[in-house]
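Whatever order the structure lists ligands and atoms in, that order sets their numbers, starting from 1. In this text the structure is predicted, and so the values were computed from the model without any measurement.
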Amino acid sequence: MDLQPDLSLRTRAVAAGRPAASPGAPLSSPVVLSSTFHADGDLAYGRDGNPTWTAFETALGSLDGGSALAFASGTAALYAVLDPLPHGAVVLTTEVAYSGTVALVDQLAEAGRIELRRVPAGDTDAMVAATPGAALVLVESECNPTLEVADLPALSAAAHLHGATLAVDSTFVTPLVQRPLDLGADLVVHSATKFLSGHSDLLLGAVVTRDPDRADRLAALRHDRGAIAGPFETWLALRGLRTLAVRLDRSQANAAELARRLQAHQAVTRVRYPGLPDDPGHAIAARDWSGFGSMVSIETAGDPAAAERVTHSTRLWSHATSLGGVESTLERRRRWPSEPAGVPDTLLRLSVGIEDIEDLWTDLDQALSQSA
Ligand SMILES: *Cc1c(COP(=O)(O)O)cnc(C)c1O
């Protein structure tokens, strides 16, 4: 089914990318597990494409307003954005970001492939000032895990003034909360492992662009490098995408209520959530987003060991990395040696799920009080 510009994004999440309606045709896209295809058609081999990719890509492209390409993981999608850069190209990015992204650009810089410039996330002026000479500006819509909000209209204006490409990792917010291409981004990257698929049962990534030439080059690169998505994972992700709107409704409402209650908790010294009126990212999120996301980061009173105890004292919240599933998870990000030093060592990142709010609060409250 084609893009449906007259339908709301919430409806497109359900309706886009379905097989054409004809008598006897399936409503849902089947998973196509085939490495090769009969000759003389559009597809020859499984690295060229797959009908299950097409279904997922049509749905995600409809939500983001561009052409989507599925990749094996969010990391593979990010690498597809970095890989075509000319040798020695300047990449402007943030000091804090997803630790895997930090490691990836660090490795490319150490190998002399790119030159890195880093500014504090959320400091739009510093980002704009550092843009001249950059080939690529790479930011996260909402920074992982410190939750600063990127000012995409300002960053895209600066990038385009100086001939740079703006790539936005929008994993934390999804197109139902913010559409980066509408705000001037050239490329959107998703770890579909997280909210888009929503059930913590697969890894998948995607890149979305409005530029047909970029889309063609990305498809060629995916084919040639081989970091392709598994059809089964793609099918599961599309199944998850169908319920994105209702999952986000609940998880965002839960996150907003938890953030409000956590602000008053004696064991919590700081709550980061763009939905709070005094949060540094509130003004931009209120302007550019249609919600405030489902991620909440807190800093706990006491030392990192006390923060660590919280993560081992919950019964309902799972102590686990990753995010964006229907189930609530939390972790102390600095437990990972690879986490950027700019992340406070008592910071707990909460991925708020769709459980009953009172059950979530009761468990978190007892874990925080017991560990303080
Ligand atoms: C998880 C994550 C990634 C990496 O995605 P994978 O699917 O794990 O490779 C990239 N960016 C952000 C913001 C993430 O949270």
Q) Hey, what do you get for OG1 (Thr311) to CZ (Arg349), rounding to the nearest 0.5 Å? A) 12.5 Å
Q) Knowing that exactly one of Arg117, Arg118, His162 qualifies, which makes a side chain to side chain contact (heavy atoms under 4.5 Å, CB included) with Leu92? A) Arg117
(Q) Quick check on contacts: which atoms of ligand 1 are under 4.0 angstrom from a heavy atom of Gly74? (A) 5 (O), 6 (P), 7 (O), 9 (O)
Q) Under 3.5 Å, N or O to N or O, is Ala76 touching ligand 1 that way? A) no
(Q) Among all the protein's non-hydrogen atoms, which is closest to atom 5 (O) of ligand 1, and how far away is it? (A) Ser191 OG, 2.9 Å
Q: Could you list which atoms of ligand 1 come closer than 4.0 Å to a heavy atom of Phe172?
A: 15 (O)
Q) Are any of the N/O atoms in Glu140 less than 3.5 Å from those in ligand 1? A) no
Q: May I ask you to check if ligand 1 and Thr75 share an N or O to N or O distance below 3.5 Å?
A: yes
Q.
Is it true that Asp249 and Gln252 share a donor-acceptor pair across their side chains at a distance under 3.5 Å?
A. no
Q) Counting heavy atoms only, which of Val173, Thr171, Asp169 comes nearest to atom 11 (N) of ligand 1? A) Asp169
Q: Could you list who else is in Val96's hydrophobic cluster, with ILVMFWY side chains joined at under 4.5 Å, directly or through other members?
A: Val343, Leu347
Q) Among Tyr79, Phe195, Tyr98, whose heavy atom sits nearest atom 4 (C) of ligand 1? A) Tyr98
Q. Among the clusters formed by ILVMFWY side chains lying less than 4.5 Å apart, do Ile228 and Leu78 turn up in the same one?
A. no
Q: Establish, yes or no, whether a centroid distance under 6.0 Å links the rings of His190 and Phe195.
A: no
Q.
Starting from atom 7 (O) of ligand 1, what is the nearest protein heavy atom, named by residue and atom, and what distance separates them?
A. Thr193 OG1, 2.7 Å
Q. Short question: side chain of Thr146, backbone of Glu148 - any donor-acceptor pair under 3.5 Å?
A. no
Q) Which atoms of ligand 1 are found less than 4.0 Å from any heavy atom of Lys194? A) 1 (C), 2 (C), 3 (C), 14 (C), 15 (O)
